[in-house]
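So that the names make sense, note that chain A is the first sequence line, chain B the second, and so on, each numbered from 1. Everything numeric in this text was worked out from a predicted model, so none of it was measured.
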Amino acid sequence: MNIFADIRTLVLENLAAMTGEGALPEGLDFSAVAVEPPRDAGHGDMATNAAMVLAKPARMAPRAIAEALAPRLTADPRVETAEVAGPGFLNLRLAPDVWGSLVQHILGQSADYGRSNLGAGQSVNVEFVSANPTGPMHVGHVRGAVFGDALASLLAFAGYAVTREYYINDGGAQVDVLARSVYERYREAHGLSPEIAEGLYPGDYLVPVGEALKEKYGDSLLDKGEQYWLADVREFATEAMMAMIRADLAQLGVKMDVYSSEKALYGTGKIEEAIDELRSKGLIYEGLLEPPKGKVPDDWEPREQTLFRSTAHGDDVDRPVMKSDGSWTYFAPDIAYHWDKVRRGFDQLIDVLGADHGGYAKRIKAVVSALSDGRVPLDVKLIQLVKLMKNGEPFKMSKRAGTFVTLRDVVEQAGADVTRFVMLTRKNDAPLEFDFARILEQSKDNPVFYVQYAHARIRSVLRKSLEAGLHLTDVPLIEDEAEVKLAKRLAEWPRLVEIAARGHEPHRIAFYLYDLASDFHALWNRGNDQPELRFLQEGDPARSAAKIALPRAVSVVISAGLGILGVTPAEEMR
RNA sequence: AGCUCCGUAGCUCAGGGGAUAGAGCGACCGCCUCCUAAGCGGUAGGUCGCAGGUUCGAAUCCUGCCGGGGCUGCCA
């Protein structure tokens, strides 16, 4: 039940009827007609812009349309008043019992309230994290992980069939570096002093991997040339890293549906296939690239390369898929990977990338556009950097200085719930300050506690009411304006879900929950001044039961919203 | 130089064609014999970076400029 959508339908029906009666010209486009909550609550419960939008195409005065529409709307039992206001708004005030039925509906629907059929079962692939398997996940990855996971949950709630996917970059030079680094730790495990050359990964997290390697291979790899052990060590080390990353993700509460391997694309003809597919569309050619604009590298030499004509699909320059020595660039397996996703039949693709990869968005979009003949939309969500702070001071993160902050550090200090919620209190394209001191504080500075506190208060009331043997009812008693305001907020939930899902913006859920909690706390405090508004009414079980229905509906929505964000709704605050 | 994101209250940020632009923090004034004050109410605080354009209507869309972050051939 989405009241805004329902009333919009009512408006559209009446506009159609007016057309039928000749009160409006034929063939008008009603798609811009909106029914929305007004900015100012004094204007009513919802407003429609129908008259203003239609005035010009209908060649009529907005007020004339609005005045003709108003009595038709008030004929519906749900609409109490419809007033023309401002430049032509039609402000609607709904019948008071609408809010009561809404609460009943929410309690009946429970966790399904707000679930939408927006996606209509379309399949969406959300690729996120995709951190290189060369070390533990650090804070920079956390935001992308949380964002991708919450977006996936949001889309599922909005009726999409969602696949969460991680692309393992295990095919490039960096996994060779990993293997060499682990090999040194393997030597160390044998009592030899490791030679961590410049360019190798120095982190301690590889020490146990070296030991495990010794467990498996004994001393059989010692004093052997790289060609002898590189492939085995690489596979061993990559698997160890992926096990670590999976554990990190699990700690954050992220579970992937599919792990795709870059390495698995090599030597199987899949890259060749993908490139051939592009070639068959006339998008592959041998050519020279212009030097980059602006600062030209000193050692620039024009070289003939195999290029992808990405400019035919919106990119700024064509991109090399093959190096001048004939080997693939990193871009080639990316093409094959996205070709694979297209062929698996997804209706939509989403790539969640760090903002530092922003330069790749256009070429990947070009790939998907070319390989799907423009059929499959790809949305690239860029995640801005996380600025680590401590007491308002920037907190530098450096591998060398040993202040390398891992996902594990963050989750162990702040907890998964706090980490997830805070990471979602910014738009993905805005930088985020993550202040350890502030986040550990259990106060109003911390939005997670604010929302959870509201939920905990409701659960507390509910526990008390059950102890008192109350017979709950789904029929609420809504008297006060603070209660009406809260109910209206609940009415916005389905609409908000659709807006957030449409825009791929899970942060809207977090902000909504904050507002909902705020309305709830306001009502709660009103009970301090006006005891008759308290949920639990001494000696009046029937009234108590009716008063509790509204907060129960609030807890249903908070719980659903937090569920989308992957945050546990607290039963109590300790 | 190009591409891209950002510029809204002292600070951190929502809003992203509609009416008088919002929240939190900070400041100031109030509210606990009470379902958890981890809360609530109020006051003060704004040329929505600048200039044009589109529109009945622009913080929102377009163009240009200014300022800041990120990226910018054969690394991933």
Side-chain angles (χ1 to χ4, degrees), chain A residues 32 34 36 38-40 42-43 47 49 52-53 55-56 62 85-89 91 132 134 169 171-175 262 288-297 299-303 305 307 315-317 319-320 322-327 329-331 333-334 354-362 382 384-385 392 425-433 435 438 441-447 449-450 452-454 456-458 460-465 503 507-508 510-511 514-515 517-518 520-529 531 534-538 544 547-548 551 572-574:
Chain A
E36 295 173 327
R39 202 198 309 256
D40 185 342
H43 291 144
N49 61 357
M52 290 181 292
V53 172
K56 195 173 179 187
F89 284 105
N91 288 333
N132 287 343
T134 55
N169 286 116
Q174 81 281 0
V175 285
E262 176 193 357
L288 296 174
L289 274 183
E290 295 286 310
K293 300 275 182 343
K295 50 162 193 182
V296 178
D299 57 347
W300 174 269
E301 282 177 47
R303 288 195 183 146
Q305 289 177 279
L307 301 172
D315 202 356
D316 305 309
V317 288
R319 307 291 178 175
M322 206 178 254
K323 302 178 199 171
S324 47
D325 68 1
S327 62
T329 62
Y330 70 89
F331 185 42
D334 256 5
D356 53 339
H357 289 66
Y360 301 102
K362 281 194 178 184
L382 296 179
Q384 280 293 336
L385 302 180
T425 52
R426 290 286 174 275
K427 283 187 295 198
N428 59 287
D429 47 17
L432 174 98
E433 281 190 14
D435 191 316
R438 187 163 294 184
E441 214 174 291
Q442 303 198 351
S443 75
K444 59 211 163 203
D445 276 13
N446 189 333
F449 284 89
Y450 188 79
Q452 291 201 319
Y453 185 36
R457 276 180 154 172
I458 296 168
S460 162
V461 168
L462 214 51
R463 280 193 300 273
K464 288 203 161 113
S465 66
H507 74 275
R508 287 180 188 271
F511 282 97
Y514 188 90
D515 290 341
S518 174
F520 171 77
H521 287 308
L523 173 60
W524 178 286
N525 265 81
R526 236 161 135 86
N528 284 339
D529 302 332
R534 294 180 186 177
F535 306 128
L536 294 176
Q537 297 290 326
E538 190 90 19
S544 300
K547 275 292 172 200
I548 291 169
E572 56 182 358
M573 306 300 279
R574 285 291 169 223

Does a side-chain N or O of [X] approach OP1 or OP2 of [N] to a distance below 4.0 Å, or not?
X	N	result
A:Arg457	B:A38	no
A:Lys56	B:C56	yes
A:Arg508	B:C13	no
A:Tyr514	B:C13	no
A:Lys362	B:C3	no

Paired runs of 3 or more consecutive Watson-Crick or G-U pairs involving RNA chain B, with both pairing distances under 3.5 Å, are B:1-7 with B:66-72, B:10-13 with B:22-25, B:27-31 with B:39-43, B:49-53 with B:61-65
Assign [X] to base, sugar-phosphate, or nothing according to its heavy-atom contacts below 4.0 angstrom with the strands shown.
X	answer
A:Gly172	sugar-phosphate
A:Phe511	sugar-phosphate
A:Met52	base
A:Asp429	sugar-phosphate
A:Pro62	nothing
A:His507	sugar-phosphate

Can you identify which nucleotide, out of [options], has its nearest atom closest to the [X] side chain?
X	options	answer
A:Asn91	B:G69, B:C71, B:A19	B:A19
A:Glu433	B:G18, B:G16, B:U12	B:U12
A:Arg426	B:C35, B:A14, B:A19	B:A14

Return yes if the base of [N] and the side-chain atoms of [X] contain a donor-acceptor N/O pair under 3.5 Å, otherwise no.
X	N	result
A:Asp316	B:G2	no
A:Lys323	B:G73	no
A:Asp40	B:A21	no

Could you walk me through whether A:Leu536 and A:Ile548 pass side chain to side chain contact (heavy atoms under 4.5 Å, CB included), step by step? CA-CA 7 Å; A:Leu536 294 176; A:Ile548 291 169; 3.7 Å; yes
Do [X] and [Y] have side-chain heavy atoms sitting under 4.5 Å apart?
X	Y	answer
A:Val461	A:Pro551	no
A:Ser460	A:Arg463	yes
A:Ser518	A:Tyr450	yes

Whether A:Gln384 side chain and A:Arg426 backbone form a donor-acceptor pair below 3.5 Å: no
Could you tell me how far B:A38 sits from B:A44 if I compare only their P atoms? Round to whole Å. 28 Å
Same-atom distance (C1') from B:G30 to B:A58, integer angstrom: 39 Å
Going by the glycosidic torsion and a 90 degree boundary from 0, is the base of B:C65 oriented syn or anti? anti
Would you tabulate the nitrogen or oxygen pairs shorter than 3.5 Å linking the protein to nucleotides 57-61 of chain B?
none

